[in-house]
Every structure is written in structure tokens, then in C-alpha cells.
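In what follows, every chain begins at residue 1, and chains take the letters A, B, ... in the order their sequences are listed. Values in this document were obtained by computation on a predicted structure and should not be read as measured data.
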Amino acid sequence: MSQSERSGNGHSREERYDAQRIEAKWFQRWQSDPQLYAAEPHSGKKKYYVLEMLPYPSGALHMGHVRNYSIGDALARYTWMNGYNVLHPMGWDSFGLPAENAAIQNNTPPKQWTLGNIAKMKAQMKRLGFAYDWSREVTTCLPEYYCWNQWFFLKLYERGLAYRKKSKVNWCPSCATVLANEQVLANGCCWRHEETPVEQRELEQWFLRITNYSDELLRDLAKLPGWPEKVVTMQRNWIGRSEGALVDFKLDYTQPHHGFGPAGATIRVFTTRIDTIYGATSIQLAPEHPIVNDLAADNPDLRRKVDHLIAEQRKAKEKGDIGEIEKHGVATGRYAINPFNQERIPVWVANYILMDYGTGAIMSVPAHDDRDFDFAKKYKLEIRLVILPITEDDETMAEPALPFTTIDGMLINSGPFSGLSCEEAIKKMIEDAEKGGFGKAAVTYRLKDWGISRQRYWGTPIPMLYCEKDGIVAVPEKDLPVILPESVEITLSGGSPLARVPEFVNATCPKCGGPARRETDTMDTFVDSSWYFYRYTDAHNDRAPFDSKIVQYWFPIDQYIGGVEHAILHLIYSRFWTKFMRDMGLVSHDEPVERLFTQGMVIKDGAKMSKSLGNIVSPDEMVARYGADAARLYSLFAAPPDRDLDWQDSGIEGIQRFLGRVYRFVVRNAAVARVETGTAREPALSGRSAPKGTAEQSSAARAIQRKLHQTIKRVSDDFQGRWHFNTCISAIMELVNVLYGSEDAIAQGAVPKAFLLEVQRDLVLLLAPFAPYLAHELWEMLGQKEALLKAPWPKFDAELAKEEELEIPLQINGKLRSKIVVPADSTEALVIERALAEEKVRAAVARKQIVKKIYVPGKLLNIVVK
RNA sequence: GCGAAAGUGGCGGAAUUGGCAGACGCACCAGACUUAGGAUCUGGCGGGGAAACCCAUGGGGGUUCGAGUCCCCCCUUUCGCACCA
């Protein structure tokens, strides 16, 4: 076929790549087979659990979802093709505040709104061709699921891991509910209302004792080599373990007219540098420290100043520039005794001390701490040097620049401890403090217990009752689930909407049979997502959250894929939940997720897509214009998946063009190859049955074969390694370009037909994980009967991928001067001989002395001359 | 302030181990075809220069036969953490 015949009067109708027609056809077929993507319950195959983070059913998928699921779907399909029993489920994180907002705005019940959204998004996912096992779909807002949230809550309560306490909580006025610490942004605003400062309120709340697992959550990060370093670091920082000591400073009551108040006579400080304690020249208390209240009780002037500090701290916290505010404080006029040397040091209140870290009190050592140094300078407090740097020459030990904060030092001015290294001193001083009963080793954490009470309607009811006689009483397991009532008036003020539903609130105490009031708070939705991936393995179990034996088969999750924004919240709660379930005997592993992948954001014009910027790209529109395959392939092609992706409409057009090229090539060559191979006149080119170098193998055919196997390697390697699907898709494009470049040779019959069929088969197989619609269409066109979903992945043959000739760049003194083509098996001597015969090299080397010849086999030759 | 990642053509990006910088795609330019299409095919495309060549991976040094890649200093961007005692 000549070029003009091929493209002459435009493409005939069947040569046009009509994504909509193809995708509609396969969509229909796939819908008619609900078992298509089902995981096998009993299988001798190796299992593979690939999971994408379940979405919140907001109403429509966005491009971030498409990207996330395209990665997971490609992996699932690749894994199927490699013979695994694959679990690839999907579900809905469907409780949460937006449903209530929608209810208020549209007067639609949250359930109806949510289920409607789920239906819409599920249809979008199906249209995009994602291969989910829908028989395992999990919808967290349905009683079949949240029943088990309640069941777990009872188990936590039985084990003392759920408890109720009055505490200062983060209150978002916009959400009209409490937030977990993890849901408060660094700027002190709500994670969902980035402009709304979170307030502090005192409320009775339910907490989960995640801090029981602080150490294990930290330690087991070492068991997660398959997690991004970044996420591991974020979790480590979030847990914030800090090793040090608690030391008690007694208030000095030898001062006239002072007793002590309800907070006692002892100020307990936390320090990581007990070795510097002889340098402590003041005690600094957080403004909200209980002892401050006592000290200010009969001192209105101090009270006023302290209140000012509190207000200032709060304001800074709300503005988000805590850390930026200037350090200042106020002397209380009182003194405390350093238990090591009985020295009286002044007690201050300072705005840089936080009540919610450590003990809310520190010993201030200006010479060896940056902040204490600044503070002491400002208020002219004594700065006493107690640590010297260790130098080579002991004689000339110089005074360091202050503050000297490093721990590689030696103590001076520290009584019996002088002369010890810091490390030694820390050990010894803690021992002495323990012996003396005024201190001990201690570890503090930044991680706090997880407050899960939410004063909202659309969530899992907490299965607890309050009886006038028996107090707090758990709902008996047999009475679960506590059903969330459906006709509830929803407002965003006045506490939980459930409190206004008498049928819900009024209950009977299971202990005494008397009247009881039901808990009207619901659970944080992060409870739902902490264990949902276990439910997928046994989604219809109505006797237990899941069967442990089934979980045993599928867990851990082999690959979890989602956004890095869940690095702390969801991923730390999930780890906690797994450990708690392990301690219950429900599961036997320590960590739920073997490998984690965090994909980058999809942005447009350099900014995150958002309504206000008007730069939203709608998946529906992309699918309608270019097809699902193009949308998916582009989302993988435009950038490596771990980086942000800058969406460009012209880019997806290029992808559509590429799919068209593939389509047209197969349309032109499928039938030819099929018919001819039916007669088996020509040997297949590849495989061991066809010896290389036989006459039938034109150089064009060999070139195609070489490129094919190089492509198989590149694509396969990427699935095993870096997941740089952008480069493996470009590799497939290169293969297609080679096929186009060979069309004249094909037309002349220089490419054996059986091989032509095989190349097309492999091309389709390579494309199948990324563009399933087109791949299925072409697979059928090639006359393949086997199911493409589980057809074996093409095998890479290194022999067939080998180049016969190599182009060797020639450098003179490291500068590229020329290139020569040599047989691939050339010896170094031959390459050098040929290189020296090359004209440009001869000129460059003339009248010069060759100092050195560096040959990198198959790569390059560098001749060093003088 | 601390920690991490990144910085390469007009654009997205490639170069996985120190070995031809710019693969693949977009945009653009030219040509072909013409049932005139926002289709398809072919070719060109970092900068300078007629050419030989020279310059070029945020900037400056260094190591090396050879550096986008390794080392040191600096700049910028993004992300995370942040009075954490």
C-alpha cells in the first residue's frame, strides 16, 4: 500500500477512531457481566490487594480522582495479567458535614442527597472503565456498615480505650462541631473552613486512647519501607516523641504571707536537657498553668497581666503566627527551689510556654537554649554558662558563643556533675533525681488522644446511654445498631440535631430499666475510614465486621494509593485501628498497608483546581470530548504520578491522536495478518522457533521486533519499579512510531504476517492496563478469543531486544566530535581502530599525543589527547 | 527557624547506575494529500553562527578523561513541621 492510497481521499469510515462508539459498545458488554472483576474467594493463585482511597460522595468525580483511580486500575489490570488473584474494591466515605449543608440548602435529606451522589459517581467510575469488584462495595453511612463502628466502639470501651472526659476542645463555628487536633490547620483554622479560626470550648467528649499506642506507632514506622519517606517523617513528627526528665521544683514558702493553693506547692517541669539544670535561672510557666491561678489569686495586678498573656496567646494561635509573637512575660514575685543545688530562682509566667505540651512549665536555661536566651536578655535575667564545647585541646577550652545549644559538651559549674559529658550527666542526674524523689525519666508526645465526638447529625451514633441511676451505660451488643433516625430537622446551631429528636434521645437503661438519655453526638467520620478496607474482604458479613480468616488471606494491602493530604489523619488512625484489632485477636498483622503511594495533585494553569479560580476540568466533559481512554491515559502521561500534574487540554488531544494512530494501524493490519497466518505459510518471527537471521526476517521486521521487546521491558520495569507511567507510555508511542515507519516494508511483504499479528497482539496487551476500551476493541479485531483482562502479559526476551549495531559517540577530551556505527559485539580494540580511522578523530588527534583511551562498552569512547 | 522535594527548550516532561542533554507529547513552521479537515501522513523545531564550531540543565566554585547527575557555597519555588521545653 502506498502512502497516497493509504491516506489519499481521507480515511474511510472504519478507519476513524471513534472513541464514543467503541467505549459505548464495551461499556454495554462490561455492564452485563457483574462478575467480571470479582476477586476469587478461594484461589490457589497468589493474592494481590490493590486499593485506592475511597472518595467522599460529593456529587461528581474530579480530575484528582481520575488520576488516583487510573493509577490503581492500571496496576490492578497489570496484576491480573500477571496471574494474580486481585482484590480491587471501591466504596464511599459517605458520612460527613457536606450532606447536612446540602440538606439545609436544598431541603433534601442527607441520606437521599448522599445516595444520589453515590449513584452519580458510581456511574462516572463505570463510564471511565475502572475495574472494581462492585459486589464488595462499602457505603459507610448505611447501618450494615456503621453498626460495626458501634460494635468497635463498645470493644474499645470495654478495654478502657474509649473514655469520656471534659476537655478543652477545638470548636469550629462554621461546622458547629468539635474538631480533632489533626483537623486543625497550622494556621489555627478549620481544615474544611480555611478562613474560620478554631475556638476553644469546654465540652464532655468521647476520646479514643490512641496514645496507648504512641510508642508502637512510632516504632513500627520502621516496618514500612514501602511507604514514602515523606509520610513516615510526617507521622514521626506528628507523634513527636521527646525523651527527657520531669523535675520537681518546690515553691519557696519561706517567703512571708504565702500559703499554697489547690494546685499544690510543686512546679513540675519537663526538660530534655536536665544536664543544664545548674544553669537554670528561672522557672517559666504557661499563662494557663494551674499554679499561676493560685499565685494570682491574691494578686490582682498579676492576674491582669496573666490574662493579657492568655489573650495574646489565643490571638496568636488564631492568627496562626504562634512562634512569631514576641516573647515576653511577667515575674510572679515568687521563687522556687532547684532540687539539685537548693538555689532559689524566680518564677515567671511567659507567653511562649504552652499548657498543652509537657507539663506547661519549664526551667529556663538562658545559656543553652535559644528562646530562654532571648527572654533572659530582654528581662536581664542571669545567664549562667554550664556547658562547654569539647575541644581537641583541653587546655584552651574557649567560652562558646551563646546560646550554646549542642549536646556535645562537658559540664562546668555543676557541683558534683562538673566534668561529665552531657550524655553521662543526663543519665546520672536522672538517677539522682529518682533517688531523691524529686524527678524521673519521662517521655512526652505531641500525639494526643483522639477526640471523636461530633455534635452533628450525619454520622455514626455513639452507642452510649446516660442513666440517672447508673450513669454512663453502654448499649448492649445485641441492641446494635443504634439506628440514625431519618426525619431530623437539620440546623447548624444549637448542638447536635439528634438532641431534638425525642424518640431517639429517650431510651431505657439496660441495667435498671429506668429512663435513660441517649448520647446524641456522632462519631468523627475518620472512624469510618479507619477500618473500611477490612470490610471489603468480607463485605456482607452480618455477624462480625469481617471474618478473620478471610482477612488473613488478603492482608496486608499490597498497594494503597491516595493523596498525601491523608498522610497524618487517615493513615495514623488506620494504623492505630489495626493495632487495636490485633490486640483484640481479630487480625494477626501489625500494619495494614505494605506499600503506600501518594500521587500528586492535578493543577491547571499553575494552581489547584477550584471553583473560585474557574480552572476546573470536568472528567465528564473530557470523557465526552475525548473518551475515557484518552482521559485516563493523559492523566498518566502528563507527569510522573508522584508529581503534580499540570492539566493542558491540548495535551489530551495529543493522546487522542496517539490512540487514533494505534487504532488505524490495527484496522489496516489486523485482517491481513489474521487471514495469512491462518494458512501458516510463514513462520512467526519471534520466539525460539524462528531462528534469527533467516532470510525471511527483513531488517524492517527485526527492527520492529527489537523495538517491541525493548518496549515490553520498559513498560514491565515501570510496573515493578518507579511507576513512571509517563515514560512507559512514551515507550509505547515510540513503538507505534516505528510501526508507522515500517508501513511501506509491511506493504511490500517484508514483515512476516504471523509476526505482524504477534506485534499487534503485544501492542494491545501493553496498552490494556492504560486504555482498556481501545485495547478490548483491538483485541477482538485481532481475532483473539481469550479474555484480555487476564491474558498473559507479554514476555520480555533480552536476546530479541538486543541491537545488532551500535552507534558509538566519539569524544576528544570529553567533547563530542563524531560518531561511528559498529557491530554490537565489537571488541574494544575494533572500536578504537575504527574510531581512529574516522576523519574527524584523525584531524583532532593529528600532531597530538594520545594520553588515554576510555571505552565504556557499548556506550562511548573518549580519547584524551595532549 | 527546622526538615523534605524540586529548579532542564515557548510548554508538559525525558535522561533509573557519572557516559550522545532535550526521548515522548504539546505548540509552532514547512511540505504532501484534497470528497477542504479542528482530519491524516512526512519532515523541521534550545540559542548563536554562512560554516567549522561555540554556548546552554537556577547562580558560583570543585572533583573527574567525562557532571543535569557527585561535593561545597548561594538563590528561588513548593510542601510538611514549628515558641515542642
Side-chain angles (χ1 to χ4, degrees), chain A residues 3-4 6-11 15-17 186 228-231 233-234 236-238 240-242 244 269-273 284 286 313 316 321-327 350-354 356-365 369-372 374-375 444-446 564-565 567-568 601 634 637-640 642-655 657-658 660-661 664 714 717-718 721-722 724 726-734 737 740-741 743 807-819 851-856 858-865:
Chain A
Q3 214 177 83
S4 57
R6 197 162 64 233
S7 50
N9 46 1
H11 287 280
E15 281 204 24
R16 233 192 87 234
Y17 166 54
E229 190 57 41
K230 181 190 169 87
V231 173
T233 305
M234 282 167 73
R236 186 178 298 121
N237 291 340
W238 187 261
R241 186 178 196 274
S242 185
V269 306
F270 176 73
T271 176
T272 54
R273 291 296 302 274
Q284 302 288 343
Q313 248 184 1
D321 52 4
I322 205 160
E324 306 297 314
I325 58 171
E326 201 189 323
K327 294 169 197 25
N351 67 347
Y352 71 99
I353 309 301
L354 306 173
D356 56 10
Y357 185 80
T359 60
I362 65 155
M363 62 179 203
S364 175
V365 185
D369 181 275
D370 291 314
R371 286 154 309 152
D372 295 345
D374 292 345
F375 193 88
T444 62
Y445 299 88
R446 213 183 84 106
V564 75
E565 65 272 19
I568 297 179
M601 281 191 309
Y634 178 68
F637 175 71
D642 48 350
R643 274 213 242 161
D644 285 353
L645 184 160
D646 193 4
W647 191 275
Q648 296 182 353
D649 283 350
S650 57
I652 190 172
E653 282 173 27
I655 287 293
R657 222 149 24 223
F658 162 68
R661 277 164 76 81
R664 284 187 298 276
R714 285 183 64 181
D717 282 356
D718 255 308
R722 321 183 291 169
H724 278 200
N726 55 330
T727 57
C728 66
I729 292 166
S730 23
I732 300 174
M733 289 174 171
E734 285 181 45
N737 290 347
Y740 267 70
E743 283 212 285
E807 192 185 52
I808 304 290
L810 303 178
Q811 294 183 340
I812 306 294
N813 290 346
K815 294 234 178 214
L816 182 68
R817 280 294 173 266
S818 183
K819 293 176 183 179
V851 181
K852 212 195 269 186
K853 296 184 261 270
I854 294 147
Y855 178 58
V856 185
K859 279 276 170 62
L860 135 166
L861 175 67
N862 186 14
I863 298 170
V864 184
V865 299

Which nucleotide, B/rC84, B/rG19, B/rC11, lies nearest any side-chain atom of A/Leu354?
B/rC84
Is any N or O donor-acceptor pair between the side chain of A/Asn862 and the base of B/rC65 shorter than 3.5 Å?
yes
Is A/Gln284 touching bases, backbone alone, or none of the nucleic acid, heavy atoms closer than 4.0 Å?
nothing
Sugar-phosphate, base or nothing in reach of A/Ser242, heavy atoms under 4.0 Å
sugar-phosphate
Any side-chain N or O of A/Arg817 below 4.0 angstrom from OP1/OP2 of B/rC54?
yes
Starting from the 5' end of RNA chain B, give me the residue, A/Asn351 or A/Thr233, whose nearest nucleotide shows up first.
A/Thr233
Separation between the P atoms of B/rA67 and B/rG61, rounded to whole Å:
14 Å
Expressed in whole Å, how much space separates the P atoms belonging to B/rA4 and B/rG49?
45 Å
Could you tell me how far B/rG22 sits from B/rG9 if I compare only their P atoms? Round to whole Å.
14 Å
Could you give the CG-to-P distance, from A/Asp356 to B/rA85, as a whole number of Å?
13 Å
Criterion side-chain contact (heavy atoms from CB on, under 4.5 Å) on A/Tyr357 and A/Ile362, from CA distance to verdict
CA-CA 10 Å; A/Tyr357 185 80; A/Ile362 65 155; over 6 Å; no
Between A/Leu816 (CG) and B/rC55 (C1'), how many Å, whole number?
15 Å
Candidate nucleotides B/rC20, B/rA85, B/rC24, ranked by approach to the side chain of A/Arg371 - the nearest
B/rA85
Over how many whole Å does the gap from A/Phe658 atom CZ to B/rG13 atom C1' extend?
17 Å
Determine the Euclidean distance between corresponding C1' atoms of B/rA15 and B/rG46; express it in Å to zero decimal places.
16 Å
Side-chain N or O of A/Arg643 closer than 4.0 Å to phosphate OP1/OP2 of B/rA14:
yes
Closest heavy-atom pair and its distance - A/Ala638, A/Leu645:
CB-CG, 3.8 Å
Taking the side chain of A/Arg661 as heavy atoms from C-beta outward, which of B/rA23, B/rU42, B/rA85 is closest to it?
B/rU42
A/Gly654 near the nucleic acid: base, sugar-phosphate alone, or nothing, with a heavy-atom cut-off under 4.0 Å?
sugar-phosphate
Base, sugar-phosphate, or nothing for A/Ile353, non-hydrogen atoms under 4.0 angstrom?
base
Provide the closest heavy-atom pair for A/Asp644 versus A/Ala639 in the form atom of the first, atom of the second, distance.
O-CB, 3.8 Å
Residues A/Arg714, A/Glu734; criterion salt bridge (Lys or Arg N to Asp or Glu O under 4.0 Å); working and verdict
CA-CA 11 Å; A/Arg714 285 183 64 181; A/Glu734 285 181 45; 3.6 Å; yes
To the side chain of A/Phe270, which of B/rA27, B/rA85, B/rU16 is closest?
B/rA85
Would you kindly give the CE-to-C1' distance between A/Met601 and B/rG80, to the nearest whole Å?
13 Å
Whether A/Thr444 contacts B/rA85 is assessed here as follows: a side-chain N or O lying under 4.0 Å from the phosphate OP1 or OP2. Is that the case?
no
When the distance from CG of A/Asn726 to C1' of B/rG22 is rounded to whole Å, what number comes out?
15 Å
Distance, P atom - from B/rU78 to B/rA27, rounded to whole angstrom
29 Å
Give A/Lys815 one of three labels, base, sugar-phosphate or nothing, depending on what nucleic acid heavy atoms sit under 4.0 Å from its own.
sugar-phosphate
Side-chain N,O (A/Arg714) to OP1/OP2 (B/rA14) below 4.0 Å:
no
Under 4.0 Å, heavy atoms only, any strand: does A/Asp644 hit a base, just the sugar-phosphate, or nothing?
sugar-phosphate
Enter syn or anti for the glycosidic conformation of B/rG9, syn applying to angles within 90° of 0.
syn
On a heavy-atom basis, which atom in A/Ser364 and which in A/Tyr352 lie closest, and how many Å separate them?
OG-OH, 4.3 Å
Among B/rC81, B/rC79, B/rG19, which nucleotide has an atom closest to any side-chain atom of A/Gln811?
B/rG19
In the structure shown, which nucleotide is the Watson-Crick or G-U wobble counterpart of B/rG25, with both distances under 3.5 Å?
B/rC11
Provide, to the nearest angstrom, the distance between the CD1 atom belonging to A/Ile655 and the C1' atom belonging to B/rG13.
12 Å
Mind checking A/Phe637 for me? I need base, sugar-phosphate or nothing, with any heavy atom below 4.0 Å counting as a touch.
base
Nucleotide opposite B/rG31 in a Watson-Crick or G-U pair, distances under 3.5 Å
B/rC41
Side chain of A/Val856, heavy atoms from C-beta onward: which of B/rA85, B/rC24, B/rG19 has the nearest atom to it?
B/rG19
For A/Trp238 and B/rA4, what is the distance between atoms CH2 and P respectively, to the nearest whole Å?
21 Å
Identify whether any heavy atom of A/Asn737 sits under 4.0 Å from a base atom; if not, whether one sits that close to sugar-phosphate; answer base, sugar-phosphate or nothing.
sugar-phosphate
Would you say a side-chain N or O of A/Arg16 is under 4.0 Å from OP1 or OP2 of B/rU40?
no
Across all strands, who's sitting opposite B/rG18 as a Watson-Crick or G-U wobble pair, both distances under 3.5 Å?
none
Between A/Tyr634 and A/Trp647, what is the ring plane arrangement, given parallel below 30°, perpendicular above 60°, and tilted in between?
perpendicular
Flag side-chain contact, heavy atom, 4.5 Å: A/Arg273 against A/Asp369
no
Quick one: which of B/rC20, B/rU42, B/rA23 gets closest to the side chain of A/Ser730?
B/rA23
Could you walk me through whether A/Met363 and A/Asp372 pass the side-chain contact (heavy atoms from CB on, under 4.5 Å) test, one step at a time?
CA-CA 9 Å; A/Met363 62 179 203; A/Asp372 295 345; over 6 Å; no
Side chain of A/Arg657 (C-beta onward), nearest among B/rA15, B/rC26, B/rG19
B/rC26
Output the rounded distance in Å from CG (A/Leu645) to C1' (B/rC26).
13 Å
Under a 3.5 Å cut-off for both contacts, is B/rA5 paired Watson-Crick or G-U wobble with anything, and if yes, with which nucleotide?
B/rU77
In terms of side-chain heavy atoms of A/Ser650, which of B/rA27, B/rC81, B/rC79 is nearest?
B/rA27
Please tell me which of A/Lys819 and A/Ile854 maps to the more 5' nucleotide of RNA chain B, matching each residue to the nucleotide holding its nearest heavy atom.
A/Lys819
Determine whether any donor atom in the side chain of A/Lys852 lies under 3.5 Å from an acceptor atom in the base of B/rC65, or the reverse, and answer yes or no.
no
Side-chain heavy-atom pair A/Lys327, A/Gln284 within 4.5 angstrom cut-off
no
Candidate nucleotides B/rG13, B/rC83, B/rG80, ranked by approach to the side chain of A/Ala639 - the nearest:
B/rG13
